[in-house]
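Chain letters run A, B, ... following the sequence lines, proteins first and then strands; every chain starts at 1.
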Protein chains: 2
Amino acid sequence: MLLHAANAISGSVTPGTAKTPGGTSLLLTENQQAIGGPPPLMDKLTPRERELVLKSGRRKVLNRGQTLFSQGAKHDGIYLIESGRVRVFYISPLGREITLAYWHVGNFVGGPEVFEGGTHQWSGVAASNCAVVQLPGRELRTLATEIPNLAIGLIEGLTFKGKCYSALAQMLGTRSITQRLAHLLLHLMDLYGVEDPDGTLIAAAFTHADIAHMVGATRQWVTISLKRMQDKQVVLTKRSQIVVCRPDLLEEMRGQAAD
Amino acid sequence: MLLHAANAISGSVTPGTAKTPGGTSLLLTENQQAIGGPPPLMDKLTPRERELVLKSGRRKVLNRGQTLFSQGAKHDGIYLIESGRVRVFYISPLGREITLAYWHVGNFVGGPEVFEGGTHQWSGVAASNCAVVQLPGRELRTLATEIPNLAIGLIEGLTFKGKCYSALAQMLGTRSITQRLAHLLLHLMDLYGVEDPDGTLIAAAFTHADIAHMVGATRQWVTISLKRMQDKQVVLTKRSQIVVCRPDLLEEMRGQAAD
DNA sequence: CCTTTCCCGGCAACTAATCGACCGTGAGGA
DNA sequence: TCCTCACGGTCGATTAGTTGCCGGGAAAGG
């Protein structure tokens, strides 16, 4: 159900261009504070160490829609996002799909695994044009033994990922789809909200299918639910534009969760 | 939906007593191999280093039912399980509950967080009498910077946890409750199966409510589903005893997933 | 011994959600 | 210009799953 990772700048990878909105980072968590933002992977390194790490990396550029890694494929290290947006998701053998998150600059992606070995648990595709740096597992492992602060950074990064996965599992395990949808809308509002005469417009084009994948439902059910919300004057939809009119009612619908 | 962590022995913490069945470790994963067993946290340490780590720990003994940590409470390091079983779970604000796993000896528990700071994402209670060693976060952090192999061990441990959380989220996000139940039964059969005239008896007393929490459903629905399975001769139930007669049909019900 | 508590079991009513299909529309490409 | 394609919207049928309730039996505890 969409964890939404935002814009903390990591280490020295491409500063500037921090134009993603808001400071929050996750979408499907019960209360933001409990998780905190994504920790900067290489912040604690000296410039020299940082350079050493980046030197062992390979830069890749992806166009929207291109695949970065696929579930089941052999794992070979992690990818630091320099720019763009990466959607991380999973497809079941029967074709049902669940989106973990859209990750922004400053995060790394590539499954819970970080070193070499094993297979990818998730798939990642570029949701917009992207630049990433691949840190191969083997090199990363030796670097981690040599640079204590890199190891600490990795541990903190993994801890953060763990919280994301946990939050997703908890929402999926204990909330109804409707609650999840309400939650998602509130979060999207925070992230992409723009003032509008009727309320707050979610200024990002997500199709009903996109939303369905984020909350783990079918496209039709999302359509129906949105329609019902519109009937209750909670939101206003016009062809893939969603305006949230009554955030208070949404809060109520998602079943209390401090935010 | 129950990840079921088994009996890999970690480091030097209480060897022997590895009487948990089978070698597999997780319950709700699509294919076992892709995850692998829980990595030994301190295997790579020298005896001296190991002692150093354990020295900073505090031993705790818990009776069945006692709480080890609670979601939302302040986090203070991780717990290495020496003996017994710890159930890790989450309860939503509305009271719905989901069980992550029953962790056995050799694993550590205590949320995705490992160092100090933050709050617990999950709760942990002793499912049987337990002995654990608490490694306080602060000390763990300094130790990790000093002993590279401890940091590597932590990274591998977190990676493993990440896979557990991911597997849970993926199952919850893309499988129906019925499929999850079939999956769970097959796994419990592997873990606790005992030969029986009619098939394989699951030799562990889980109530319907326990099972419901593992698959993320209501107790009643578990009762109904089990009854249906019994009607189809797939299983045989008599008061909290479950005998699996047709594992092949269960495989089919869970919707293909190599195991 | 009795009481209490927990757990299985079942029932009825209801809502949530899925599935498969079809249509209209708007955008883009040839 | 027409064609195609992706998307929103909708419908009907069906299933999955919930909620709330009651009753009985086994186990635990005093």
Side-chain angles (χ1 to χ4, degrees), chain A residues 1 64-65 91-98 125 127 171-185 202 204-232 235-243 253-255, chain B residues 1 63-65 91-92 94-98 125 127 171-185 202 204-232 235-243 253-255:
Chain A
M1 164 150 12
R64 176 181 151 89
I91 301 187
S92 81
L94 294 178
R96 290 204 52 151
E97 186 170 338
I98 181 79
V125 305
M171 293 299 282
L172 290 173
T174 61
R175 260 72 157 188
S176 73
I177 295 189
T178 315
Q179 291 173 312
R180 270 132 61 184
L181 183 58
H183 193 112
L184 178 69
L185 288 178
I202 293 175
F206 291 110
T207 70
H208 287 195
D210 288 338
I211 295 177
H213 291 151
M214 297 186 217
V215 296
T218 56
R219 182 186 66 79
Q220 293 94 322
W221 184 251
V222 171
T223 306
I224 292 173
S225 301
L226 284 177
K227 185 173 145 65
R228 282 189 198 163
M229 286 183 183
Q230 183 153 18
D231 291 348
K232 285 192 239 158
V235 301
L236 234 159
T237 64
K238 27 189 161 155
R239 196 158 195 80
S240 117
Q241 290 225 329
I242 302 179
V243 180
M253 288 176 64
R254 82 168 147 191
Chain B
M1 166 155 6
N63 292 324
R64 176 182 153 86
I91 301 186
S92 81
L94 293 178
R96 291 206 49 154
E97 186 170 338
I98 180 83
V125 305
M171 292 298 282
L172 291 172
T174 61
R175 260 72 158 189
S176 73
I177 294 189
T178 313
Q179 292 174 311
R180 270 134 60 187
L181 183 58
H183 194 112
L184 178 69
L185 288 178
I202 294 176
F206 291 111
T207 70
H208 286 191
D210 288 337
I211 295 177
H213 291 152
M214 296 185 217
V215 298
T218 56
R219 183 190 64 77
Q220 290 93 325
W221 184 250
V222 171
T223 305
I224 293 172
S225 301
L226 284 178
K227 184 173 146 62
R228 281 188 197 163
M229 286 183 185
Q230 183 154 18
D231 292 347
K232 285 192 236 154
V235 301
L236 233 159
T237 65
K238 27 189 160 159
R239 196 155 196 86
S240 119
Q241 290 225 328
I242 303 179
V243 179
M253 288 177 65
R254 82 169 149 191

Just how far, in rounded Å, is [atom2] of [N] from [atom1] of [X]?
X: H213(B); N: dC7(C); atom1: NE2; atom2: C1'; result: 13 Å
X: L236(A); N: dG8(D); atom1: CG; atom2: P; result: 16 Å
X: H208(A); N: dT18(C); atom1: NE2; atom2: C1'; result: 17 Å
X: R96(B); N: dT19(D); atom1: CZ; atom2: P; result: 6 Å
X: M229(B); N: dG9(C); atom1: CE; atom2: P; result: 14 Å
X: I224(B); N: dG20(D); atom1: CD1; atom2: C1'; result: 13 Å
X: Q179(B); N: dA17(C); atom1: CD; atom2: C1'; result: 14 Å
X: L172(A); N: dG17(D); atom1: CG; atom2: C1'; result: 16 Å

Review point. Pick the nucleotide of DNA chain D nearest each of R228(B) and R219(B); which residue has the one closer to the 5' end?
Key: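 Residue closer to the 5' terminus by nearest nucleotide: R228(B).
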
Check your understanding: Of all the nucleotides listed (dC8(C), dA16(D), dT18(C)), which has the minimum atom distance to the side chain of I177(A)?
Key ->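 The closest nucleotide is dT18(C).
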
Check your understanding: Going through the distances and angles, do L185(B) and L226(B) end up as a side-chain contact (heavy atoms from CB on, under 4.5 Å)?
Key -> CA-CA 10 Å; L185(B) 288 178; L226(B) 284 178; 4.2 Å; yes

Would you say a side-chain N or O of [X] is under 4.0 Å from OP1 or OP2 of [N]?
X: T223(A); N: dT10(D); answer: no
X: T218(A); N: dT18(C); answer: yes
X: S176(B); N: dT18(C); answer: no

Study note, to complete from the structure: Of H208(A), Q230(A), K227(A), the one forming a side chain to side chain donor-acceptor pair (under 3.5 Å) with T237(A) is Q230(A)

Check your understanding: Is there side-chain contact between M171(B) and H183(B), with at least one heavy-atom pair below 4.5 Å?
Key ->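 Side chain of M171(B) against side chain of H183(B), heavy atoms only: contact under 4.5 Å found.
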
**Study point:** Under 3.5 Å donor-acceptor pair, Q220(B) side-chain atoms to dG10(C) base atoms
**Key:** no

Check your understanding: Base, sugar-phosphate alone, or nothing: which one does S225(B) contact when heavy atoms must sit under 4.0 Å apart?
Key -> nothing

Practice item. Give T207(B) one of three labels, base, sugar-phosphate or nothing, depending on what nucleic acid heavy atoms sit under 4.0 Å from its own. Key: sugar-phosphate

Practice item. Test R175(A) against L94(B) for side-chain contact (heavy atoms from CB on, under 4.5 Å), laying out the working first. Key: CA-CA 9 Å; R175(A) 260 72 157 188; L94(B) 293 178; over 6 Å; no

Revision key, fill the gap. Heavy-atom closest pair (A182(B) atom, M253(B) atom, distance to 0.1 Å) is CB-CB, 3.9 Å

